[in-house]
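Below, read A as the first sequence line, B as the second, and so on, with proteins coming before strands; counting in each chain starts at 1.
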Amino acid sequence: MKITLKGGNSQVLEKGQTVGAALKACGLSVGSDVLAAKVNGVVVDLSRPLTEDAVVEPVRFDSAEGREVYRHSSTHIMAQAVKEVFPTAQVTIGPALEDSFFYDFAFERPFTPEDLEKIEARVREIIKRNLPVTRKELSKQEAIQFFQSRGEAYKVELIQGFPEHEPISAYSQGEFVDLCRGPHLPATGHVGAFKLLTTAGAYWRGDERNPMLQRIYGTSFPTQAELDAYLARLEEIKRRDHRKVGKELDLITIQDEIGPGLVLWHPKGALVRLLIENFWREQHIKDGYDLVYSPHIARLDLWKTSGHVDYYRENMFAPMKLEGSEYQLKPMNCPYHIMIYKSHLRSYRDLPIRYGELGTVYRYERTGVLHGLLRVRGFTQDDAHLFCRPDQIQDEVSRVLDFTFFVLKSFGFVDFEIFLSTRPEKSVGSDDKWVLATDSLEGALKSRGIAFHLDEGGGAFYGPKIDIKIKDALGRSWQCSTIQVDFNNPERFELSYIGEDGKSHQPIMIHRALMGSIERFFGILVEHYGGAFPTWLAPVQAVVMAITDNQREYVNTVVAQLKAAGFRADADLRNEKIGFKIREAEKAKVPYMLVAGDREVQSGTLSVRGRSGANLGNMTGAAVIDLLRNDVTRAQPELQPTH
RNA sequence: GCUGGCGUAGCUCAAUGGCAGAGCAGCGGUUUUGUAAACCGCAGGUUGGAGGUUCAAUUCCUCUCGCCAGCUCCA
């Protein structure tokens with residue numbers, strides 16, 4: 001058989017040689033960094049025998065596939081350790097995650113931190129034993145018998161769900177045998193640095209009616225340095241947590257007395273929010289939206305017409321009775337915008353119509369899902385509804401895409417991931433409509449040269465959608481923006497417009513949100529910047545500090561000058577040393593610190609210190625204003641919506 | 001909603017059945033200060049809430065509210 005190393009030379013080998021041997025024969029030095037191999041594009045164990053011509057390629061930790069193999073073997077080692085330390089624990093499933101892995105065990109009690117220490121010690125020992133990992137294939141019957149004999153009821157249940165006549169693979173390392181598709185590392189000694197992270201409860205097969213299993217999370221890396229870097233990143237995520245930073249910077253609180261998931265915006269947080277909202281409104285008006293307002297409650301009948309009572313009830317606050325009819329706190333803005341549309345007879349000439357609103361909605365979220373600002377019960381959507389003719393969908397969506405990227409970039413997000421979700425199994429609307437809408441969305445993405453992932457069947461029941469995920473400074477993705485075509489509401493509310501032909505037609509409706517929820521977006525912004533907002537969003541842009549009481553008057557004059565120029569500046573005239581004032585301003589993440597002592601008063605300047613200690617030298621008040629002005633305009637991208 | 005952990009001063013955290021404590025912040029004073037913490041003093045509490053066990057509960061038990069980590073959910 002002819003074996004070719006991808007991008008390298010070929011060798012003719014006898015059948016039955018292992019993949020590892022083949023890689024070597026092709027001239028590759030196979031060290032412990034080679035974890036597995038791709039044979040004709042499929043990742044397999046190095047110990048797999050080859051039987052026919054193939055292109056082979058080493059898999060290392062630097063690829064997603066390599067990391068998966070590495071973490072998967074790591075979780076097997078952890079499972080082996082748990083079985084050795086706690087023989088009564090039953091194994092269930094244990095997959096690799098992006099940066100880590102977990103394994104779920106059926107055990108009579110939760111694992112304690114002391115248990116984890118014991119398990120981790122045993123893991124190190126198993127790594128040291130350097131047990132070879134071997135694969136064997138069993139028939140379904142053999143597999144069931146084998147795992148039954150070992151008392152692994154969950155494995156048996158899994159196998160029973162497998163197809164009848166396909167062989168089932170199991171991997172063993174020493175005494176430990178696990179049902180597993182593989183592939184795996186050649187031996188346990190290939191794992192370098194290992195750490196158990198946390199424990200958690202998790203339902204068997206993710207179903208809350210099933211027994212609760214004990215999940216252990218862990219991670220592993222080839223070197224201690226890589227593990228340390230990962231742990232440092234986790235620390236950084238903790239440091240930037242918007243709940244912590246929000247409290248430290250006095251931006252927002254969520255208080256028990258007010259209620260869970262309900263946010264109080266303190267003056268500084270409210271100011272940042274105001275700046276976000278002002279920007280949002282200005283840009284929407286520029287981009288051809290009509291801004292509207294709608295009330296927080298409406299008759300329950302409206303929500304019956306919209307279908308929310310039928311399909312969304314469990315996420316709605318209970319209705320309240322008033323004057324013999326029921327009213328509902330709004331979970332969505334769309335019905336109101338629809339009613340504004342319906343308040344006139346519309347002509348095809350009026351379309352598209354774009355109604356935008358920073359609309360506050362209330363949703364009853366189950367207590368367990370609430371999470372700081374990222375998941376709340378009362379929040380403001382940057383919502384808009386576009387009503388257009390079917391032939392306008394693509395242009396409208398292209399326009400929204402341009403606008404979305406413009407807005408997101410303005411807030412400092414530059415990495416995006418785009419998903420196009422198509423028709424799910426349960427859906428409303430004719431085939432024609434779905435095809436037209438889906439083609440229009442795809443056409444819009446293509447017209448802008450935007451790469452996207454296809455999420456087949458991931459659309460809403462009422463229409464296809466485009467979701468945009470942003471990546472923050474720590475590389476985490478967040479879904480904020482969504483553009484959804486809706487065939488359902490125009491139908492339910494019997495929307496119409498008079499076409500060129502003088503007949504009545506149904507408009508297409510598009511829901512879209514750019515930031516999603518202001519609360520959530522604000523939380524993400526706080527974490528993205530670690531509280532150090534860019535100057536245009538900073539609640540306090542500059543603090544002018546007096547060294548001694550001698551400069552009080554001078555400082556006040558400078559502050560007045562900055563304020564007159566439209567900047568947010570405070571004076572710090574307290575009886576404190578300059579080091580203390582600097583420290584406080586640094587902790588408050590103020591972008592500019594302007595120090596005035598006798599020298600500055602003499603020369604009519606300020607000693608300018610940037611956030612995080614940058615010494616920007618001495619400048620006049622006018623020069624400081626230029627500096628701030630530059631900084632503020634630089635943060636707003638030169639780019640404009642391109643349509 | 002489920003599993004586990006947690007809840008003490010404005011904040012961060014001590015005290016494990018026996019008088020509730022520290023640092024920071026706050027207030028008063030001293031100090032007039034040069035780029036991330038000057039010094040002295042004062043005040044600050046229904047230990048999340050309700051009930052129970054006990055001579056005695058922050059500590060043990062029950063219920064409840066909230067938070068945290070997950071699970072589930074997110075038409």
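Closest contact between the side chain of A:E576 and the listed nucleotides B:rG34, B:rA38, B:rA36 involves B:rA38. You'll find that the side chain of A:K247 is closest to B:rU12, out of B:rA37, B:rU12, B:rU32. You'll find that the side chain of A:K587 is closest to B:rA36, out of B:rC2, B:rA36, B:rU35. Taking every side-chain heavy atom of A:I582 into account, B:rA36 is the closest of B:rA36, B:rA75, B:rG34. Nearest to the side-chain atoms of A:D256 among the listed nucleotides B:rC68, B:rC65, B:rA37 stands B:rC65. Of the candidates B:rG34, B:rU35, B:rA75, B:rG34 carries the atom nearest the A:R599 side chain, counting heavy atoms from C-beta on. Checked against B:rG34, B:rC73, B:rA25, the side chain of A:F580 finds its nearest nucleotide in B:rA25. Proximity note for A:D549 (side chain, C-beta onward) versus B:rA75, B:rU32, B:rU3: the nearest is B:rU32. Closest contact between the side chain of A:I578 and the listed nucleotides B:rA69, B:rC67, B:rG34 involves B:rG34.
What separates CD1 of A:I216 from C1' of B:rA69 is a distance of 15 Å, to the nearest Å. Distance CZ (A:F105) to P (B:rG4): 19 Å, rounded to an integer number of Å. Residue A:R375 contributes atom CZ, which lies 13 Å from atom P of B:rU72 at whole-angstrom precision. The distance from atom OH of A:Y203 to atom C1' of B:rG1 is 7 Å, rounded to the nearest whole Å. Rounded to an integer number of Å, the gap from CZ of A:R215 to P of B:rG4 is 16 Å. One interatomic measurement links the two molecules: CZ of A:F102 to P of B:rA69, which rounds to 18 Å at whole-angstrom precision. Computed from coordinates, the A:I254 CD1 to B:rG7 P distance equals 21 Å when rounded to whole Å. Distance NZ (A:K577) to P (B:rG34): 6 Å, rounded to an integer number of Å.
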Query raised in the report: What do the steps show when you test A:K83 against A:E152 for salt bridge (Lys or Arg N to Asp or Glu O under 4.0 Å), and what is the final call?
Result: CA-CA 11 Å; A:K83 290 290 289 183; A:E152 299 288 3; 2.7 Å; yes
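Judged by the 6.0 Å distance and 45° axis criteria, A:R215 is positioned over the aromatic ring of A:F102. Cation-pi geometry between A:R122 and A:F86 is not met at under 6.0 angstrom from the ring centre and within 45 degrees of the axis.
A salt bridge does not link A:E584 to A:K589: none of the charged nitrogens lies less than 4.0 Å from a carboxylate oxygen. Using a 4.0 Å cut-off between a side-chain N of Lys or Arg and a carboxylate O of Asp or Glu, A:R205 and A:E157 qualify as a salt bridge. Here A:D549 pairs with A:R552 in a salt bridge; the nearest charged N to carboxylate O distance falls below 4.0 Å.
Remark: B:rA37 base-pairs with no nucleotide; criterion is Watson-Crick or G-U wobble with both hydrogen-bond distances under 3.5 Å. The partner of B:rG10 is B:rC24, judged by Watson-Crick or G-U wobble contacts that both fall below 3.5 Å. Nucleotide B:rC71 forms a pair with B:rG1, judged by Watson-Crick or G-U wobble geometry with both contacts under 3.5 Å. Base pairing of B:rC55 is made with B:rG18, judged by Watson-Crick or G-U wobble geometry with both donor-acceptor distances under 3.5 Å. Look at B:rU62: its Watson-Crick or wobble partner, with both distances under 3.5 angstrom, is B:rA50.
If you check every strand for non-hydrogen atoms under 4.0 Å, A:D598 touches a base. Here A:Y462 lies in heavy-atom contact (under 4.0 Å) with a base. Note on A:G579: only backbone sugar-phosphate atoms sit closer than 4.0 angstrom, heavy atoms only; bases stay farther off. A:H308 comes within contact range of at least one nucleobase, with a heavy-atom separation under 4.0 Å. When heavy atoms are screened at a 4.0 angstrom cut-off, A:Q255 is found touching no nucleic acid atom at all.
Taking only side-chain nitrogens and oxygens, A:R609 comes nearer than 4.0 Å to OP1 or OP2 of B:rA36. Neither OP1 nor OP2 of B:rU35 sits under 4.0 Å from any side-chain N or O of A:S607. Using a 4.0 Å cut-off, some side-chain N or O of A:H371 falls inside it from OP1 or OP2 of B:rA69. An OP1 or OP2 oxygen of B:rU72 is reached within less than 4.0 angstrom by no side-chain nitrogen or oxygen of A:R366.
Nucleotides B:rG52 and B:rA15 are separated by 24 Å at their C1' atoms, to the nearest Å. For the C1' atoms, the distance from B:rU47 to B:rA57 is 11 Å, rounded to whole Å. Between B:rC63 and B:rC11, the distance separating the two P atoms is 28 Å to the nearest Å. Using atom P as the reference point in both B:rC40 and B:rG23, the two lie 11 Å apart (nearest Å). If you take atom C1' in B:rG48 and the same atom in B:rC68, they sit 15 Å apart, rounded to whole Å. The gap from the P atom of B:rU53 to that of B:rU62 amounts to 15 Å, rounded to the nearest Å. Comparing B:rA14 with B:rG1, their P atoms sit 29 Å apart, to the nearest whole Å. Using C1' as the reference atom, B:rG45 and B:rC13 are 15 Å apart when rounded to the nearest Å.
Mapped onto RNA chain B by nearest heavy atom, A:G372 and A:Q484 fall at different nucleotides, with A:G372 at the one closer to the 5' end. Between A:A200 and A:Y364, the residue anchored closer to the 5' end of RNA chain B is A:Y364, taking for each the nucleotide with the nearest heavy atom.
A:Y103 has its ring centre less than 6.0 Å from the ring centre of A:F105. Taking the six-membered ring for Trp and the full ring otherwise, A:F461 and A:W434 have centroids separated by 6.0 Å or more.
Judged by distance alone, with hydrogens and angles left aside, A:E600 brings a side-chain donor or acceptor within reach of the base of B:rG34, the pair sitting under 3.5 Å.
The aromatic rings of A:H511 and A:H385 lie perpendicular to each other, with more than 60° between the two planes, well past the 30° mark.
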